[in-house]
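Shown next, in structure tokens, is the structure this report addresses.
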Amino acid sequence: QVQLVQSGGGLVQAGESLRLSCVDPEITFSRKAAAWYRQAPGSQRELVATHSSGESTTYADSVEGRFTISRDNVKKTVYLQMNDLRPEDTAVYYCNTGGIYVQAGRYYPGASWGQGTQVTVSS
């Protein structure tokens with residue numbers, strides 16, 4: 001059963017932008033960290049971006065300066081704004097909530113995952 005509802009994604013050309021959304025209905029959302037992962041064809045899952053329950057964020061080197069993670073605790077939603085998309089960004093993207101953020105680049109996933117959404121970037 002999918003607990004987190006993802007939206008966004010799709011097929012775009014290189015240089016374009018997309019915004020992913022992920023809604024967590026649980027009351028504990030605002031007290032926990034959240035993150036976005038992705039898995040490209042033939043590759044292992046990688047951590048793309050994290051957001052603490054406060055203001056701290058981290059990004060993978062490959063997306064630094066292009067992607068922005070944000071959250072709205074009233075709407076219980078975490079977002080991933082993806083700008084200047086490149087073919088190598090093509091992957092299935094997953095949101096995760098209920099995590100623990102202890103320091104920059106260190107994130108312990110929570111139990112709640114989105115169903116995944118395909119992002120395909122053509123050249």
Side-chain angles (χ1 to χ4, degrees):
Q1 184 178 40
V2 178
Q3 299 298 317
L4 308 182
V5 180
Q6 296 184 216
S7 61
L11 174 62
V12 299
Q13 294 183 332
E16 296 183 341
S17 299
L18 285 173
R19 189 193 195 198
L20 306 182
S21 299
C22 176
V23 179
D24 182 354
E26 297 298 325
I27 194 173
T28 57
F29 172 79
S30 63
R31 293 188 173 186
K32 296 291 187 177
W36 288 93
Y37 292 81
R38 69 184 181 187
Q39 186 167 16
S43 301
Q44 292 185 316
R45 184 184 66 182
E46 67 172 332
L47 182 62
V48 176
T50 67
H51 199 307
S52 74
S53 60
E55 300 177 345
S56 300
T57 60
T58 65
Y59 299 92
D61 290 342
S62 59
V63 307
E64 184 80 49
R66 298 188 297 117
F67 290 12
T68 302
I69 185 173
S70 61
R71 64 189 297 162
D72 185 328
N73 288 336
V74 175
K75 297 181 178 180
K76 297 181 179 178
T77 303
V78 60
Y79 305 93
L80 185 67
Q81 177 67 44
M82 303 181 292
N83 296 329
D84 190 23
L85 283 162
R86 304 166 181 173
E88 52 264 41
D89 295 319
T90 296
V92 177
Y93 285 72
Y94 301 88
C95 62
N96 176 265
T97 62
I100 301 176
Y101 180 104
V102 296
Q103 63 181 351
R106 193 167 181 83
Y107 177 81
Y108 295 93
S112 298
W113 292 87
Q115 79 279 13
T117 184
Q118 178 71 48
V119 172
T120 302
V121 185
S122 64
S123 60

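Any value given below was found using the heavy atoms of this structure, including those in side chains, with hydrogens, waters and symmetry copies removed. Keep in mind that what you see is a predicted model, and the values were worked out from it rather than measured.
- The CD atom of Gln6 sits 5.5 Å away from the SG atom of Cys22 when rounded to the nearest 0.5 Å.
- Applying the salt bridge (charged side-chain N to carboxylate O under 4.0 Å, His left out) rule to Arg66 yields the partners Asp89; only residues at least two apart in sequence or on another chain are considered.
- The two atoms that bring Ala33 and Ser52 nearest to each other are CB-CA, 3.9 Å, heavy atoms only.
- The backbone N or O of Gly114 sits nowhere less than 3.5 Å from a side-chain atom of Asn96 that would complete a donor-acceptor pair.
- Using bins of under 30°, 30° to 60° and over 60° for the plane-to-plane angle, the ring pair Tyr93/Phe67 lands in the tilted bin.
- Taking CZ of Arg19 as the start and OG1 of Thr68 as the end, the distance is 10.5 Å to the nearest 0.5 Å.
- Between the Thr117 side chain and the Gly8 main chain, a donor and an acceptor come within less than 3.5 Å of each other.
- Tyr94 is not listed as a side-chain neighbour of Leu4, based on a closest heavy-atom distance of 4.5 Å or more.
- The two residues Asn73 and Ser53 have their closest heavy-atom pair at ND2-O, 4.4 Å.
- Among pairs with a residue in residues 26-37, none fulfils side chain to side chain donor-acceptor pair (under 3.5 Å), at least two apart in sequence or across chains.
- Proximity of Gln118 to Thr90: side-chain heavy atoms (C-beta onward) are separated by under 4.5 Å at one or more points.
- Both Leu80 and Val121 are part of a single hydrophobic cluster, where members link through side-chain heavy atoms under 4.5 Å apart.
- Residues Asp84 and Gly15 come closest through the heavy atom pair OD1-CA, 3.7 Å.
- Under the side chain to side chain donor-acceptor pair (under 3.5 Å) criterion, the residue pairs touching residues 40-49 are Arg38-Glu46, with sequence neighbours excluded.
- For the pair Lys75 and Asp72, the tightest heavy-atom approach, listed with the atom from each and the gap, is N-OD1, 3.1 Å.
- Tyr79 and Val92 are not part of a single hydrophobic cluster, where members link through side-chain heavy atoms under 4.5 Å apart.
- Looking at heavy atoms from C-beta onward, Ile69 lies out of side-chain contact with Arg71 at the 4.5 angstrom threshold.
- With a 4.5 Å cut-off on side-chain heavy atoms, Leu20 and Val119 count as touching.
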Verdict with reasoning, Thr58 to Tyr107, per side-chain contact (heavy atoms from CB on, under 4.5 Å): CA-CA 9 Å; Thr58 65; Tyr107 177 81; over 6 Å; no
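- Closest approach of Ser123 to Pro87, counting heavy atoms only: CB-CG, 3.9 Å.
- Listed for the Glu16 side chain is no donor-acceptor partner under 3.5 Å among the backbone atoms of Leu85.
- Looking at heavy atoms from C-beta onward, Lys76 lies out of side-chain contact with Pro25 at the 4.5 angstrom threshold.
- Within the 4.5 Å cutoff, side-chain heavy atoms of Leu18 are placed close to those of Met82.
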